[in-house]
Amino acid sequence: MSAITRDQVRRYRVHAQQLDRSPRADRRPDDAVILDLGVQDTGPDGALWALALRGVPVGAHAWPHELALSWTVRAAPHAYRRADLAEVEQALRPYSEADAAKRVLSAGRPLADAGIAVLDALATVSRTMRAVVDAPLDKGTLSTRMTAELPGPYLRWCAACGATHMYEMPFRLAALHAGLDLEPDTSPPVIRRIPGWPAAQVGMLGRTTAADDGRVDVLRALLHLLGPLTPRQAADYLDAAVRDVTARWPQDVVDVTVEGRRASMLDADLTALSDPPGGPVVRLLGPYDLFLQGRDRDVVVPDSARHRTLWPTIGRPGAVLAGGEIIGTWRPRAKGRRLGLELDEWVPWSSRTRSAVDVEHERLAQFRGVTPA
């Protein structure tokens, strides 16, 4: 069993996630391996900035047609290749009834009390949502219409809104199963039909027992992009049931130890993990960049005292990545057409690192279409 260091893991992930790629104007907008897993789009420096950091020629608010946005993993908005959406929907179906109940959180109890299986409930919500969204609808309008269509076990009283409406998790998780996506850069979100969506796929939450999910396989993508990891860490990432993830764990994995703790890696990636490329890569990672999404935070940032700073409950900063290490945080400070950065240096930065951060600052400003300040 190979013994792997934290530094090897981080440098492997930099390379596997293509953070060491240089920008290229002739690269396709959907040419990024992280799209295999989905790219979370939370905050102004979300999915498109994550793709830009990986050398994809995209700019803020300029969503290319090749990309689509949908509520998926943990009910958060994620970007995918538009051509993959039907297969993404199949790959993200709950693995079992117990798994579905875990994913919908508190919405599962009233359904169980009413004798309604969560998988059946998600199918009902999906079919209803598909029928209701006959034209693009903002979230509030869709929620109102769905509340009128569904019986009591699907609904809850919301003190914050002062109204009764659907539970949030089934509402979001059902959308892609209904063949719906999100119109980018809309607030409140606008939900719309995906053109050409297979009618037979609407509300089909059943799964085969085969371990292979097909061309879009989220467990393999997780192992490749965030490995080494354990089934529990993968389940935490997906909000899935550990038992179901363990049952579907790929067969072609090998065990390694990271600082003495056992985890799994795809056999094909073991060489790259054992001897990852290293270099002075400096990047301004967005707050929800995939590099920061691993459930082994002590590997990403060994100093646990920094965890609350980097991963607060609300208001996450971005992270300054240098050579595979997180060396500080950043926050945008915009004033008119000028973009400044508020930097928190965790360690003394060399002049080379500071110059590289300046370059990335200019890159972020160019991405946003403003001037660095």
Side-chain angles (χ1 to χ4, degrees), residues 10 13-14 17-20 23 34 39-56 58-63 69 74 76-79 184-189 226 280-373:
R10 293 191 299 265
R13 291 178 185 174
V14 166
Q17 295 181 26
Q18 299 176 323
L19 280 163
D20 53 358
I34 57 173
V39 186
Q40 187 164 339
D41 188 52
T42 300
D45 302 306
L48 292 179
W49 177 237
L51 294 172
L53 286 175
R54 290 152 174 92
V56 177
V58 291
H61 311 297
W63 283 80
L69 191 65
R74 303 179 304 279
H78 282 71
D185 287 330
T186 54
S187 182
L226 283 174
V281 175
V282 173
R283 298 288 184 262
L284 297 178
L285 303 178
Y288 290 88
D289 191 275
L290 182 62
F291 190 85
L292 304 175
Q293 295 273 32
R295 271 33 189 178
D296 51 354
R297 290 179 173 178
D298 63 315
V299 171
V300 180
V301 177
D303 184 357
S304 60
R306 300 288 188 185
H307 290 187
R308 187 171 296 181
T309 300
L310 185 57
W311 293 291
T313 304
I314 57 174
R316 288 187 186 186
V320 181
L321 174 73
E325 285 189 75
I326 304 301
I327 61 168
T329 63
W330 65 275
R331 293 183 184 273
R333 292 292 180 253
K335 187 174 183 180
R337 301 289 298 171
R338 295 175 66 80
L339 176 68
L341 293 183
E342 178 184 315
L343 299 167
D344 179 11
E345 302 178 21
W346 289 358
V347 295
W349 293 358
S350 67
S351 58
R352 175 177 291 184
T353 297
R354 196 173 302 281
S355 296
V357 169
D358 288 342
V359 170
E360 294 303 300
H361 180 188
E362 293 176 3
R363 186 179 180 186
L364 176 62
Q366 183 179 23
F367 167 82
R368 289 193 176 195
V370 296
T371 302

Return the minimal non-hydrogen interatomic distance between Leu48 and Ala62, and the atom names on each side. CD1-N, 4.0 Å
Do side-chain atoms of Glu342 reach the backbone of Arg333 as a donor and acceptor pair under 3.5 angstrom? no
Whether over 12 other heavy atoms sit under 6.0 Å from Arg352 CZ: no
Check Arg54 with Asp289, please: is the shortest side-chain N to carboxylate O separation under 4.0 Å? yes
Heavy-atom side-chain proximity of Trp311 to Val300 below 4.5 angstrom: yes
Do Arg368 and Arg337 have side-chain heavy atoms sitting under 4.5 Å apart? no
Heavy-atom closest pair, residues Val39 and Ala50: CG1-CB, 3.7 Å
Can you check whether Ile326 reaches Leu321 side chain to side chain, under 4.5 Å on heavy atoms? yes
Please report the shortest heavy-atom distance between Ala47 and Asp41, naming the atom on each side. N-OD1, 2.9 Å
How many angstroms lie between atom CZ of Arg10 and atom CD of Glu325, to the nearest 0.5 angstrom? 5.0 Å
As an exercise, state the distance from CG of Asp344 to OG1 of Thr329, rounded to the nearest 0.5 Å. 4.0 Å
In this structure, NE2 of His361 is separated from CG of Leu341 (nearest 0.5 Å) by 4.0 Å
His307, NE2 atom: more than 12 neighbouring heavy atoms under 6.0 Å: yes
Taking side chain as C-beta onward, heavy atoms only, is Arg331 less than 4.5 Å from Arg316? no
Minimum heavy-atom separation for Val58 to Ala52, with atom names? CG2-N, 3.9 Å
Report yes if the side chains of Ser304 and Arg297 come closer than 4.5 Å at any heavy-atom pair, otherwise no. no
Evaluate the side-chain proximity of Trp49 to Leu285: yes if any heavy-atom separation is below 4.5 Å, no if none is. no
Do the non-hydrogen side-chain atoms of Pro77 and Pro184 ever get within less than 4.5 Å of each other? no
Identified side chain to side chain contact (heavy atoms under 4.5 Å, CB included) counterpart of Trp346 within the set Asp303, Val301, Ile327, Val320: Val301
Between Asp358 and Arg363, is the salt bridge (Lys or Arg N to Asp or Glu O under 4.0 Å) condition met? List the steps. CA-CA 9 Å; Asp358 288 342; Arg363 186 179 180 186; over 6 Å; no
Could you give the distance from CG (Leu290) to NE2 (His78), rounded to the nearest 0.5 Å? 8.5 Å
Minimum side-chain heavy-atom gap Phe367-Asp45 below 4.5 Å: yes
Starting at CZ of Arg306, measure out to CZ of Arg308 and round the result to the nearest 0.5 Å. 13.5 Å
Return yes when atom CD of Gln366 has more than 12 non-hydrogen atoms of other residues, nucleotides or ligands closer than 6.0 Å, and no otherwise. no
Donor-acceptor pair, Thr353 side chain versus Trp349 backbone, under 3.5 Å? no
Nearest heavy-atom pair of Ala322 and Val282: which atoms, and what distance? CB-CG2, 4.0 Å
Rounded to the nearest 0.5 Å, what's the gap from CH2 on Trp63 to CG on Asp185? Could you check? 7.5 Å
Contact summary for Leu53 and Leu284, nearest pair of heavy atoms: CD1-O, 3.4 Å
